[in-house]
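Computed from a prediction, not measured in an experiment: that's the story for all the values here. The figures that follow rest on heavy atoms only: side chains count, while hydrogens, waters and symmetry mates do not.
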Amino acid sequence: YRRKMAVVTEEIQSSSGKCTFWNQMAEDTLNMGEYEKAIEYYANLLKEAKKEQHQSFEGLAYRGLGNAHLSGGNYEHALSYFQHDVAIRKAAGDLTGECDAYSNM
């Protein structure tokens with residue numbers, strides 16, 4: 001399953017497609033309770049989002065990292081990632097996203 005995922009990732013050409021793919025993989029893995037693997041996928045999402053300057057995906061990555069750490073019991077890391085999400089939403093002027101980010105804290 002994961003080997004096939006790596007092949008598919010390489011075939012995706014658009015940066016938003018790659019971000020969507022990593023986000024979906026991370027969410028699915030988090031829902032299965034595989035927190036460390038979800039953290040890895042969210043880190044891939046964050047790397048791609050930063051590289052391509054996709055603020056909305058960057059915020060999603062920070063939120064996902066926060067949720068994965070929260071689910072794994074690492075509350076300090078979770079709070080730190082949620083704070084990054086708030087900062088990104090605030091800088092973008094995304095009041096709805098900022099409110100959602102605060103609700104995770």
I'd like to know if [Y] and [X] are part of one continuous hydrophobic network [Ile/Leu/Val/Met/Phe/Trp/Tyr, side-chain heavy atoms within less than 4.5 Å].
{"X": "Val86", "Y": "Tyr81", "value": "no"}
{"X": "Leu45", "Y": "Met25", "value": "yes"}
{"X": "Leu70", "Y": "Leu60", "value": "no"}

Problem - Side chains of Glu27 and Asn31, donor plus acceptor under 3.5 Å - result: no
Exercise for the section: Could you verify whether a donor N or O on one side chain and an acceptor N or O on the other, from Gln24 and Asp28, lie under 3.5 Å apart? Expected result: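 Looking only at side-chain atoms, Asp28 and Gln24 do form a donor-acceptor pair, the distance falling under 3.5 Å.
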Distance in Å, [X] [atom1] paired with [Y] [atom2], rounded so as to fall on 0.5 Å steps:
{"X": "Ile88", "Y": "Phe57", "atom1": "CD1", "atom2": "CZ", "value": "13.0 Å"}
{"X": "Asn44", "Y": "Phe21", "atom1": "CG", "atom2": "CZ", "value": "9.5 Å"}
{"X": "Tyr42", "Y": "Asn67", "atom1": "OH", "atom2": "CG", "value": "6.5 Å"}
{"X": "Lys51", "Y": "Leu46", "atom1": "NZ", "atom2": "CG", "value": "13.0 Å"}
{"X": "Tyr41", "Y": "Leu30", "atom1": "OH", "atom2": "CG", "value": "12.5 Å"}
{"X": "Lys18", "Y": "His54", "atom1": "NZ", "atom2": "NE2", "value": "11.0 Å"}

Exercise for the section: Starting from the C-alpha separation in whole Å, work towards a yes-or-no answer on side chain to side chain contact (heavy atoms under 4.5 Å, CB included) for His84 and Glu58. Expected result: CA-CA 9 Å; His84 283 295; Glu58 193 174 336; over 6 Å; no
Problem - Asp100/Thr96 under side chain to side chain contact (heavy atoms under 4.5 Å, CB included): CA gap, chis, key distance, verdict - result: CA-CA 6 Å; Asp100 286 343; Thr96 303; 4.2 Å; yes
What's the shortest heavy-atom distance between [X] and [Y], and which atoms?
{"X": "Arg89", "Y": "Ser56", "value": "NH2-O, 3.7 Å"}
{"X": "Asp85", "Y": "Gly59", "value": "OD1-O, 3.3 Å"}
{"X": "Ala38", "Y": "Thr29", "value": "N-CG2, 3.6 Å"}
{"X": "Glu48", "Y": "Cys19", "value": "CG-SG, 3.6 Å"}
{"X": "Ser71", "Y": "Tyr35", "value": "CB-CE2, 3.3 Å"}
{"X": "Gln55", "Y": "Ala92", "value": "OE1-CB, 3.6 Å"}

Problem - Test item: Tyr102 and Lys90 side chains (from C-beta on) under 4.5 Å apart, heavy atoms - result: yes
